[in-house]
Amino acid sequence: MSTLEKTIILLREMPEQSLESLYNFICSILAQQNAGAKQSIELDDISKSMEGFNVLQSFAGTLPADFDYKKELEEMREEKYARFN
């Protein structure tokens, strides 16, 4: 006899009030399991985000010391938008 069959037999013998308590208990267990699964997914998402962040950080400091951000930005804007002037 399977565990499910044994459980069904016990449930049939239990009074209604006990069944309500048992039902609430089972619902709380399912809620905890679902929360655990959701937390696992969230941790996986955080892990992927951190990997991406680490990749971005690996690019930090790769520009030359004399890099002029404002000058480069202005040149790129001129190149991109020159045809509209």
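Because the structure is a prediction, the values reported are computed rather than measured.
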Undergrad: Verify the neighbour count for atom OH of Y69: are there more than 12 heavy atoms of other residues, nucleotides or ligands below 6.0 Å?
TA: no
Undergrad: Is there a continuous path of hydrophobic side-chain contacts, each under 4.5 Å between heavy atoms, that joins L4 to I9?
TA: no
Undergrad: To the closest 0.5 Å, what do you measure between CG (L73) and CD (E78)?
TA: 10.0 Å
Undergrad: Can you name the closest pair of heavy atoms from M1 and K6 and give their distance?
TA: O-CE, 3.4 Å
Undergrad: Please report the interatomic distance CG(L19) to CG(N24), rounded to the nearest 0.5 Å.
TA: 11.0 Å
Undergrad: Any side-chain heavy-atom pair from V55 and E51 closer than 4.5 angstrom?
TA: no
Undergrad: Say you draw a straight line from CD of E75 to CD of E79; how long is it, rounded to the nearest 0.5 Å?
TA: 9.0 Å
Undergrad: Please report the interatomic distance OG(S21) to CD1(I26), rounded to the nearest 0.5 Å.
TA: 11.0 Å
Undergrad: How long is the gap from SG on C27 to CD on Q32, to the nearest 0.5 Å?
TA: 12.0 Å
Undergrad: Honestly curious: do L30 and L11 fall in one hydrophobic cluster under the side-chain, below-4.5 Å linking rule?
TA: yes
